[in-house]
Colleague: 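Below you will find the structure I want to go over with you.
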Amino acid sequence: LYTLMILESPEVVKLIEKGVSKQMILARKKALKVNMHITGRNVTDYLEDLDNYETRGQKILREKLGKDIRSLFSFILRPLDKIFTAKGGSVHYNLPENTIEVVKSRLSNIGDGLDIKKWLKKVAKKHYIIDPNGVIFMDIDPFGKVETHIVTTQNIFWYESKGNVVEAIIFAPYKTDKEEDRDKEFFRVIDQKSDRIFVRGLTKDNEGREIQSIYEQDILENFFGYVPAMIMGDEKNPNEDVYESIISDLISDADEMLRDISVKTVHKLAHAYPKYWSMEQACTKCEGEGTIKISDDSELGYSETACASCGGDGVKKKASPSDEIIVRNPIEGEKSAAPHVAGFVSPDLATMEFYEKSIERAKNSMFQAMWGTTYEQGGKRETATGRFLDAQPVQDRLKDTSETFSKFHKFILDCSVKVILNDKRYQSSVSYGQRYILEGPDDILDKYMEASRENVSELGIIDLRNRYFEA
């Protein structure tokens with residue numbers, strides 16, 4: 001028999017007194033690191049100190065000019081979009097046709113003006129990558145309207161779960177703007193029976209002394225009969241009680257790349273530009289004298305002062321690209337100084353090339369670790385992202401993630417319709433398509449034309465033709 005997960009008030013008080021769970025502290029730490037790589041937020045906080053390899057000034061310059069690597073992860077994770085464009089799949093509402101139209105209309109905007117599938121792609125997908133221990137949470141507002149939220153681990157105090165199903169949850173404390181609540185913190189606690197508010201604040205004991213206490217303030221029945229929250233992760237860490245991001249295997253390589261790019265940036269600024277030089281030229285202000293004459297009331301009628309332009313040495317300090325260099329005519333038997341009166345020193349291009357190749361190799365290695373294959377670019381009809389050399393590992397990875405997002409879709413749909421129709425027993429059926437378009441239309445057309453010339457079954461040719469039109 002299934003037993004409801006019900007938190008008694010004394011148990012909630014103990015959990016609040018213990019503080020944020022160790023599981024949530026670890027999950028938050030991991031999410032902040034992944035978020036830095038995905039969005040570039042607080043990237044300078046994660047730059048390593050390269051003691052004995054750089055000066056303090058170089059470290060400050062690396063931090064100031066530090067470049068994040070979100071463009072790299074945007075490239076690596078681009079195939080995830082195929083989940084939402086794959087052919088096939090279905091959403092069965094299991095409702096009468098006229099009711100389906102009403103439900104579709106109500107669910108055309110579950111948040112940010114997006115329907116369920118677009119919301120999962122535009123909003124939930126990035127949270128799924130960054131913070132897999134966060135939850136999709138369905139709430140009911142005071143007017144009885146269902147709301148869809150992402151609750152990150154930064155806003156979760158504690159939860160108990162079985163797999164992705166949350167059985168009880170305590171949200172991070174919040175405060176109100178009321179003057180009488182100035183010293184109070186409020187905790188929302190939901191289990192499979194109730195939705196409650198607990199308060200931590202000062203109260204008076206029997207003798208009138210103020211003491212810190214935790215007590216239950218409000219309680220509502222849980223409409224759903226279960227906690228309307230689903231954990232977003234689908235890959236559990238075997239050594240820790242948390243879900244890992246799908247890019248967890250890439251984090252150490254990403255840290256190294258972040259360091260290499262920051263070092264390359266400093267090297268580029270310091271050494272990648274030509275160093276221009278020229279023979280000494282007379283200062284144009286003092287004409288090489290080093291001093292200038294200023295009229296005054298002295299006996300001579302003037303006084304001499306050091307030239308502010310050259311500092312008194314008579315040599316031009318700054319040159320303009322339009323400046324003309326006048327070369328003295330050589331006397332008999334003397335070689336002309338031209339053209340060796342100015343030039344430049346070439347930068348260390350070999351080191352720059354080494355950095356670029358090293359970063360490109362790391363990029364390819366990370367892509368292969370993520371998708372189990374590499375990609376190629378080139379040829380007159382290749383796209384900007386190239387093509388997979390072996391599509392099968394990519395399809396396998398996409399199928400796993402697609403199943404996760406179809407569960408998210410079903411969860412949101414079921415919770416929403418239960419509220420809309422006031423039917424707590426409602427269940428839908430959702431499956432996402434798994435015919436991923438991983439090849440460009442030109443590649444599929446080549447295969448179709450070759451298959452048409454060879455002894456290939458009619459079904460195979462029809463399949464290639466359909467894939468071409470889909471692409």
Colleague: Could you check Phe186, Phe187, Tyr174 and say which one makes a ring-ring contact (aromatic ring centres under 6.0 Å, His included) with Phe157?
Modeller: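 Only match with Phe157 under ring-ring contact (aromatic ring centres under 6.0 Å, His included): Phe187.
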Colleague: Looking at Phe405, I'd like to know if the NZ or CZ of Lys125 sits under 6.0 Å from its six-membered ring centre while staying within 45 degrees of the ring's axis.
Modeller: no
Colleague: Kindly indicate, with the supporting measurements, whether the criterion side chain to side chain contact (heavy atoms under 4.5 Å, CB included) is fulfilled by Lys30 and Glu240.
Modeller: CA-CA 12 Å; Lys30 288 177 177 287; Glu240 299 164 321; 3.3 Å; yes
Colleague: With side chains defined as the heavy atoms from C-beta onward, is the minimum distance between Ser429 and Ser90 less than 4.5 Å?
Modeller: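 Of all side-chain heavy-atom pairs linking Ser90 with Ser429, none is under 4.5 Å.
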Colleague: Does the side chain of Met257 reach to within under 4.5 Å of the side chain of Lys363, using non-hydrogen atoms?
Modeller: yes
Colleague: Please confirm whether the backbone N or O of Arg41 pairs with a side-chain atom of Asn35, one donor and one acceptor, at under 3.5 Å?
Modeller: no
Colleague: Taking the side chain as every heavy atom from C-beta outward, state whether Ile197 and Val189 have any atom pair closer than 4.5 Å.
Modeller: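 No, too far: nothing below the 4.5 Å cut-off.
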Colleague: Decide side chain to side chain contact (heavy atoms under 4.5 Å, CB included) for Ile136 and Met232; before the verdict, give the C-alpha distance in whole Å, the side-chain angles of both, and the deciding distance to 0.1 Å.
Modeller: CA-CA 7 Å; Ile136 297 176; Met232 301 188 73; 4.1 Å; yes
Colleague: With heavy-atom distances below 4.5 Å as the criterion, would you say the side chains of Leu80 and Ile246 are in contact?
Modeller: yes
Colleague: Looking at Ser245, is its backbone amide N or carbonyl O close enough to the side chain of Ser248 to form a donor-acceptor pair, meaning the two atoms are under 3.5 Å apart?
Modeller: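 Such a contact is found between Ser248 side chain and Ser245 backbone.
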Colleague: Which pairs count as salt bridge (charged side-chain N to carboxylate O under 4.0 Å, His left out) when at least one residue sits in residues 108-121, sequence neighbours excluded?
Modeller: none
Colleague: What pair of heavy atoms forms the shortest contact from Ile190 to Pro228, and how long is it?
Modeller: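 Nearest pair, atom of Ile190 first, then Pro228: CG2-CD, 4.4 Å.
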Colleague: Is any side-chain heavy atom of Glu167 less than 4.5 Å from a side-chain heavy atom of Val227?
Modeller: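 When only atoms from C-beta onward are counted, Val227 and Glu167 do not touch, as no gap falls below 4.5 Å.
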Colleague: Who passes salt bridge (Lys or Arg N to Asp or Glu O under 4.0 Å) against Lys418, sequence neighbours left out?
Modeller: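 Applying salt bridge (Lys or Arg N to Asp or Glu O under 4.0 Å) to Lys418 gives none.
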Colleague: Look only at the side chain of Ser21 and the backbone of Met24, and say whether a donor-acceptor pair between them is shorter than 3.5 Å.
Modeller: yes
Colleague: Taking salt bridge (Lys or Arg N to Asp or Glu O under 4.0 Å) as the test, write out the residues that go with Lys407, two or more places apart.
Modeller: none
Colleague: Closest approach of Arg70 and Ile38, non-hydrogen atoms and distance?
Modeller: CB-O, 3.2 Å
Colleague: Is the number of heavy atoms from other residues, nucleotides or ligands under 6.0 Å of Lys175 NZ greater than 12?
Modeller: yes
Colleague: What pair of heavy atoms forms the shortest contact from Asn94 to Gln427, and how long is it?
Modeller: ND2-O, 3.1 Å
Colleague: So do Arg259 and Asp255 actually touch side chain to side chain, heavy atoms under 4.5 Å?
Modeller: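 A side-chain contact under 4.5 Å is absent here.
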Colleague: Quick one: closest heavy-atom pair of Ile69 and Ala254, and the distance?
Modeller: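 Scanning both residues, the minimum pair turns out to be CD1-O, 3.6 Å.
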Colleague: Would you mind checking if Arg200 and Glu17 are paired as a salt bridge, meaning a charged N to carboxylate O distance below 4.0 Å?
Modeller: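 Salt bridge between Glu17 and Arg200, a charged N being under 4.0 Å from a carboxylate O: no.
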Colleague: What is the distance from atom CD1 of Ile247 to atom CE of Met366, rounded to the nearest 0.5 Å?
Modeller: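 Ile247 CD1 to Met366 CE: 7.5 Å, rounded to 0.5 Å.
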Colleague: For the pair Lys357 and Glu353, evaluate side chain to side chain contact (heavy atoms under 4.5 Å, CB included) and give the outcome as yes or no after the intermediate values.
Modeller: CA-CA 6 Å; Lys357 287 184 176 179; Glu353 188 176 343; 3.2 Å; yes
Colleague: Quick check for you: to the nearest 0.5 Å, what is the distance between Leu250 atom CG and Gln368 atom CD?
Modeller: 11.5 Å
Colleague: Answer yes when Arg78 and Asp81 have at least one side-chain N-carboxylate O distance shorter than 4.0 Å, and no when they do not.
Modeller: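 Salt bridge present between Arg78 and Asp81.
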Colleague: Under a 3.5 Å distance rule, please check whether Asp241 uses its side chain to pair with a backbone N or O of Gln23 as donor and acceptor.
Modeller: no
Colleague: So Trp119 and Ile150, do their side chains get closer than 4.5 Å, heavy atoms only?
Modeller: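 When only atoms from C-beta onward are counted, Trp119 and Ile150 do touch, with a gap below 4.5 Å.
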Colleague: Keeping Glu147 on the side-chain end and Ile140 on the backbone end, is there a donor-acceptor pair under 3.5 Å?
Modeller: no
Colleague: Could you walk me through whether His409 and Leu120 pass the side chain to side chain contact (heavy atoms under 4.5 Å, CB included) test, one step at a time?
Modeller: CA-CA 8 Å; His409 192 129; Leu120 288 172; 3.9 Å; yes
Colleague: Relative to Tyr436, does Lys82 satisfy both conditions: NZ or CZ under 6.0 angstrom from the six-membered ring centre, and within 45 degrees of the ring's axis?
Modeller: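 No; the conditions do not both hold, so Lys82 does not lie above the ring face of Tyr436.
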Colleague: Mark yes or no for whether Ser406, through its side chain, and Glu403, through its backbone, hold a donor-acceptor pair below 3.5 Å.
Modeller: yes
Colleague: Could you check whether atom NZ of Lys236 has more than 12 heavy atoms from other residues, nucleotides or ligands sitting under 6.0 Å from it?
Modeller: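 More than 12 within 6.0 Å, yes.
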Colleague: About how many Å separate OH of Tyr226 and CE of Met138, when rounded to the nearest 0.5 Å?
Modeller: 8.5 Å
Colleague: For Ala362, does its backbone N or O pair with a side-chain atom of Asp253 as donor and acceptor, under 3.5 Å?
Modeller: no
Colleague: Closer than 3.5 angstrom, by distance alone: can the side chain of Ser416 be matched with the main-chain N or O of Ile412 as a donor-acceptor pair?
Modeller: yes
Colleague: With a 4.0 Å cut-off on N to O distance, would you call Glu235 and Arg397 a salt bridge?
Modeller: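 Looking at Arg397 together with Glu235, the answer is yes, because their closest N to O distance falls below 4.0 Å.
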Colleague: Is any side-chain heavy atom of Asp68 closer than 4.5 Å to one of Ile261?
Modeller: no
Colleague: Is it true that Asp131 and Arg28 have a side-chain N and a carboxylate O under 4.0 angstrom from each other?
Modeller: no
Colleague: So, Trp371 side chain and Ile76 main chain: donor-acceptor pair closer than 3.5 Å or not?
Modeller: yes
Colleague: About how many Å separate CD1 of Ile169 and CD of Glu160, when rounded to the nearest 0.5 Å?
Modeller: 11.5 Å
Colleague: How long is the straight-line distance from CD1 of Ile16 back to CD1 of Ile170, given to the nearest 0.5 Å?
Modeller: 5.5 Å
Colleague: Under 3.5 Å, is there a donor-acceptor pair linking the side chains of Gln392 and Asp396?
Modeller: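 A donor-acceptor contact under 3.5 Å links the two side chains.
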Colleague: Can a salt bridge be assigned to the pair Asp414 and Lys410 using a cut-off of 4.0 Å between side-chain N and carboxylate O?
Modeller: yes
Colleague: What closest approach, in Å, do Leu258 and Val43 show between heavy atoms, and which atom pair accounts for it?
Modeller: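 Taking every non-hydrogen atom into account, CD1-CG2, 3.6 Å.
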Colleague: Roughly how far, to the nearest 0.5 Å, is CG of Asp234 from OH of Tyr128?
Modeller: 3.5 Å
Colleague: Ala282 and Lys316: which non-hydrogen atoms are nearest, and at how many Å?
Modeller: O-CB, 3.9 Å
Colleague: Is a side-chain donor or acceptor of Asn237 paired with a backbone partner of Val242 at a separation under 3.5 angstrom?
Modeller: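 Here the side-chain-to-backbone pair does not exist.
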